[in-house]
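Encoded as structure tokens, the structure appears first; notes follow it.
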Amino acid sequence: GQQLNQSPQSMFIQEGEDVSMNCTSSSIFNTWLWYKQDPGEGPVLLIALYKAGELTSNGRLTAQFGITRKDSFLNISASIPSDVGIYFCAGYYGGSQGNLIFGKGTKLSVKP
Amino acid sequence: GAVVSQHPSWVICKSGTSVKIECRSLDFQATTMFWYRQFPKQSLMLMATSNEGSKATYEQGVEKDKFLINHASLTLSTLTVTSAHPEDSSFYICSASQGQPQHFGDGTRLSIL
């Protein structure tokens, strides 16, 4: 079946550092999404990407939909303690409604 | 916008009890609602997809008689875990959409004693 390979699995960084994580797939995706999940809560949508090559920002977050439609990255600039959490990439493939699958997540820890 | 409310947020009950979880889209009409299960330190696993007024479509390996899904309106879907046992303990999360993307509720932590 479809799979998303998300890396890194975890990151330990100092406050103020920039962060980069990515997802790749062997299949083409129609849409890429990036979610953040805090402990005991549901995922919150950060950025949605709908076109190949699209680069979108949301505050200190920037994400890009790869030109091949098989990858996406998420960058966080100048990290702060509240950025701690698990970040999931997710992608839609298939028809108009499509099927959504998730990467395994990147756990981000930020040292003040 | 796109707020999804899930209730209850935490349930502890005895083995054999049936538990109902509600998922509501508060500010939009959700054509489709989804139910996920998440084990500790793992990603979300889709259990079933439901469209309003239709029978839910269950993923392979998910028992439809165990996990009853009702999607009676465009703003409400319910998941009932019937005769729950300790192995059903998990974090259950719903999501709702009008196409793309999906918006998630805050999850329900289910603990079966």
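Here is how names work: the chains are called A, B, and so on, in the same order as the sequence lines, proteins then strands, and each is numbered from 1. Keep in mind that this is a model prediction, so the values were computed, not measured. Computed over heavy atoms, backbone and side chain alike; hydrogens, waters and symmetry mates excluded.
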Of all the heavy-atom pairs spanning B/Ser43 and A/Gly103, show the shortest one and how long it is.
OG-O, 2.7 Å
Under 4.5 Å between side-chain heavy atoms, hopping through other hydrophobics if needed: is there a path connecting B/Phe67 to B/Phe34?
no
In one Ile/Leu/Val/Met/Phe/Trp/Tyr side-chain cluster, 4.5 Å: A/Tyr92, B/Val4:
no
Please classify the contact of B/Gln38 with chain A as side chain, backbone, both or neither, using a heavy-atom distance under 4.5 Å.
side chain
Under 6.0 Å between the ring centres of B/Phe104 and A/Phe102?
yes
State yes or no: do A/Leu33 and B/Leu46 share one hydrophobic cluster built from I, L, V, M, F, W and Y residues joined by side-chain heavy-atom distances below 4.5 Å, directly or via other members?
yes
Once rounded to the nearest 0.5 Å, what's the spacing between atom OG of B/Ser97 and atom CG of A/Leu100?
9.0 Å
Which pair of heavy atoms, one from A/Glu41 and one from B/Phe91, lies closest together, and at what distance?
O-CE2, 3.6 Å
Do B/Leu44 and A/Tyr35 touch side chain to side chain, with heavy atoms closer than 4.5 Å?
no
Of all the residues in residues 50-89 of chain A, which have a heavy atom that comes within less than 4.5 Å of a heavy atom in chain B?
A/Tyr50, A/Phe88
NE2 (B/His85) with more than 12 external heavy atoms under 6.0 Å
yes
Might you confirm whether atom NZ of B/Lys66 has over 12 heavy atoms from other residues, nucleotides or ligands at distances under 6.0 Å?
yes
Taking a hydrophobic cluster as the set of Ile, Leu, Val, Met, Phe, Trp and Tyr residues connected by side-chain heavy atoms closer than 4.5 Å, whether directly or through intermediates, do B/Tyr58 and B/Val81 fall within one such cluster?
yes
Are more than 12 heavy atoms from other residues, nucleotides or ligands located less than 6.0 Å from atom CD of A/Gln14?
yes
Engaged part of B/Ile93 at the chain A interface, taking heavy atoms whose separation is under 4.5 Å:
side chain
Using the rule that Ile, Leu, Val, Met, Phe, Trp and Tyr join whenever any side-chain heavy atoms are under 4.5 Å apart, tell me whether B/Met33 and B/Met47 fall into a single cluster.
no
Bottom line for A/Gln6: the part with an atom under 4.5 Å from chain B's heavy atoms is neither
